[in-house]
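First the proteins, then the strands, lettered A, B, ... as listed; each starts at 1. Note: hydrogens, waters and symmetry copies are ignored here, and every other heavy atom, side chains too, is used.
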There are 2 protein chains.
Amino acid sequence: MTEFTSRRLEIDALRALWAIRHHGGITRAAEALGLSQSAVSHKIKRLETSLDCDLLSRKPGAAMFTAAGEDLLDYAGRILGLHDEALLSLSKTSLAGRVALGLTEDTTCTDLARILGRFRRLHPNVSVRTKVRMSLVLRGMLERGELDAAIVQVFAHEVRPTDVVLFREALHWVKHPDLPLSQDGPIPFLSFDDECFYRRWALDIGQDGGVVLETVFECASAAGIVAAVTSGLGVALLNGRHLQPDMEIIAKGLPAPPALAYVVRRGRKVRNPALDTLVAEIESEISRYGGLALAS
Amino acid sequence: MTEFTSRRLEIDALRALWAIRHHGGITRAAEALGLSQSAVSHKIKRLETSLDCDLLSRKPGAAMFTAAGEDLLDYAGRILGLHDEALLSLSKTSLAGRVALGLTEDTTCTDLARILGRFRRLHPNVSVRTKVRMSLVLRGMLERGELDAAIVQVFAHEVRPTDVVLFREALHWVKHPDLPLSQDGPIPFLSFDDECFYRRWALDIGQDGGVVLETVFECASAAGIVAAVTSGLGVALLNGRHLQPDMEIIAKGLPAPPALAYVVRRGRKVRNPALDTLVAEIESEISRYGGLALAS
DNA sequence: GATTACACATGACAAATATCGATCAAGGCA
DNA sequence: TGCCTTGATCGATATTTGTCATGTGTAATC
């Protein structure tokens with residue numbers, strides 16, 4: 001009979017497992033969950049003992065999860081989804097209204113999609129309209145009242161008290177190791193398109209520091225920039241996610257790039273209960289996992 | 001921040017909620033779960049505190065669950081389904097083979113349907129073929145090796161050590177209050193059809209006790225018998241589930257009806273790992289909830 | 001209207017279990 | 001090699017969870 005009490009999956013343990021996958025490691029997961037590393041380690045251990053099988057491989061080089069771990073991870077995702085939806089549904093208040101939401105392309109394939117889907121399900125009377133644009137464009141639309149809120153990239157020092165920070169990110173100057181940087185001549189710059197707001201920073205600051213950047217390549221997608229960097233076309237500003245092994249971070253000679261943050265920024269509209277709820281759900285998800293996970 | 005740790009649904013608590021619905025009350029649920037009544041009461045209380053809303057109405061006469069309770073119950077069912085499936089999937093052993101299973105009509109709409117569905121999903125390489133027949137027929141098929149196992153109704157004293165008891169049931173002689181029972185003449189008997197094994201008991205025992213039963217009505221479905229009893233056509237043998245307010249249980253004048261049990265009875269086949277697993281899953285479900293629930 | 005039976009709530013306490021901080025072991029990397 | 005990061009482990013607390021004993025409210029019975 002004790003067999004059955006021991007064979008029970010704790011919600012918290014499943015969430016820990018999930019966080020380990022999301023954050024790539026026990027220590028980081030613990031941090032995100034607001035627990036100590038040993039607590040998370042123990043949680044997984046208990047889970048493994050109660051299931052009598054290994055979930056993490058603990059072998060360096062190999063994948064982090066065993067087959068059983070991956071298997072359980074799949075169930076964990078579904079169980080947690082239902083669990084969180086159950087929690088929300090108990091506090092729902094038959095919401096109705098409209099929400100016009102702006103997103104950057106980067107964030108569409110993160111947890112946000114999941115949250116938005118759930119929000120639709122829980123509040124069928126709220127019409128959510130989303131627009132995907134670049135951060136600068138979204139900010140303009142916010143200003144003009146065309147959006148109720150948007151998820152935009154901003155400089156870390158520009159984060160407003162009313163913004164909800166999803167995650168922070170560092171920018172790096174990168175180049176291919178083989179590309180020499182001459183001190184005098186203009187530096188070849190690989191740039192996102194015109195509306196990319198840190199491209200503007202690069203061109204402005206560049207002038208202050210006496211460094212001259214010459215845009216030799218312009219591409220709207222990160223993939224294009226990455227390809228251009230690895231083929232040695234020039235230097236670029238990339239965030240940590242896009243760093244590749246064959247890229248070299250330029251430590252000196254260029255002004256230190258600013259830190260970035262992805263935030264939920266609200267428009268000027270006075271009252272919008274549906275938006276309040278949506279933002280609250282995003283916030284809750286963030287504090288539960290210590291930030292949103294990016295698509296891997 | 002502590003708000004989020006407190007807002008967490010324990011699997012055990014959800015199972016308790018589910019058991020309360022299944023067994024119709026905290027005390028019975030506690031018994032089924034192998035816990036004390038106060039433990040279950042506490043569990044629900046904690047759940048309510050953490051959710052900050054009432055789940056059980058505690059008002060006599062009213063429904064047992066509040067709206068929020070019903071809401072959560074729905075999620076609980078789905079979460080527990082996933083949870084249990086996750087547990088099973090981790091111990092699955094890529095089963096293959098064939099199982100020929102017999103069922104009585106009564107049991108098709110119980111938890112068994114759910115268990116069979118899950119079994120199919122978890123073991124797609126096992127072909128499960130089910131046949132719905134009356135208990136006596138199923139027993140014959142078991143004898144002849146046409147079935148690997150069957151869920152049949154048997155007299156409680158005929159339960160074999162190898163049988164897995166799903167639940168037990170009492171039979172009652174019932175009649176309409178207005179129907180007089182003459183001591184001398186034959187008693188009008190409302191019977192299931194010929195293959196109903198306790199109809200045979202009724203006719204046999206009837207003769208021993210000097211009581212003469214005359215079958216005045218024959219119908220394969222319980223609903224038909226119920227209708228016949230309430231219209232005063234005669235007496236019948238019915239199980240507790242089919243008792244109605246306007247029926248009178250006949251305490252004397254007729255031999256005490258035997259107790260019944262629904263059991264999983266296996267056929268003679270030597271080895272069948274797929275069947276072993278299926279029976280094990282049914283057993284596990286039983287001990288988890290203290291018996292299978294009937295359709296309400 | 002007292003009484004009994006029943007189902008549930010509640011409080012105190014004991015046992016189990018989770019968490020933390022500190023420490024330890026192992027691998028990756030300069 | 002020595003440093004640094006990551007995760008395992010240990011002992012000490014803190015929290016959770018169950019049980020027992022008891023209290024409360026409701027209905028049925030005399």
Distance check needed: [N] [atom2] versus [X] [atom1], whole Å only.
| X | N | atom1 | atom2 | value |
| --- | --- | --- | --- | --- |
| A/K45 | C/dA18 | NZ | P | 14 Å |
| B/Q37 | D/dT24 | CD | P | 15 Å |
| A/L35 | D/dG7 | CG | C1' | 15 Å |
| B/L47 | D/dG18 | CG | P | 12 Å |
| B/H42 | D/dA21 | NE2 | C1' | 12 Å |
| B/D12 | C/dA18 | CG | P | 12 Å |
| A/I44 | C/dT19 | CD1 | C1' | 15 Å |
| A/R15 | C/dA18 | CZ | C1' | 17 Å |

Answer with base, sugar-phosphate or nothing: what part of the nucleic acid does [X] contact at a heavy-atom distance below 4.0 Å?
| X | value |
| --- | --- |
| B/E10 | sugar-phosphate |
| A/A39 | sugar-phosphate |
| B/S41 | base |

Closer than 4.0 angstrom, basic N to acidic O: yes or no for [X] and [Y]?
| X | Y | answer |
| --- | --- | --- |
| B/R15 | B/E10 | no |
| A/K45 | A/D54 | no |
| B/R118 | B/E85 | no |

_Can you identify which nucleotide, out of D/dT6, D/dT9, C/dC8, has its nearest atom closest to the A/T27 side chain?_
D/dT6

*Can you tell which of D/dT19, D/dG7, C/dC20 lies closest to the side chain of B/S38?*
D/dT19

*Just by distance, do the side chain of A/W18 and the backbone of A/D74 share a donor-acceptor pair under 3.5 Å?*
no

Think [X] has a side-chain N or O under 4.0 angstrom from the OP1 or OP2 of [N]?
| X | N | value |
| --- | --- | --- |
| B/K43 | D/dT17 | no |
| B/S36 | D/dG18 | no |
| A/R28 | D/dT5 | no |
| A/R46 | C/dT17 | no |

*Tell me, yes or no, whether the heavy-atom count around B/D52 atom CG, taken from other residues, nucleotides or ligands under 6.0 Å, exceeds 12.*
no

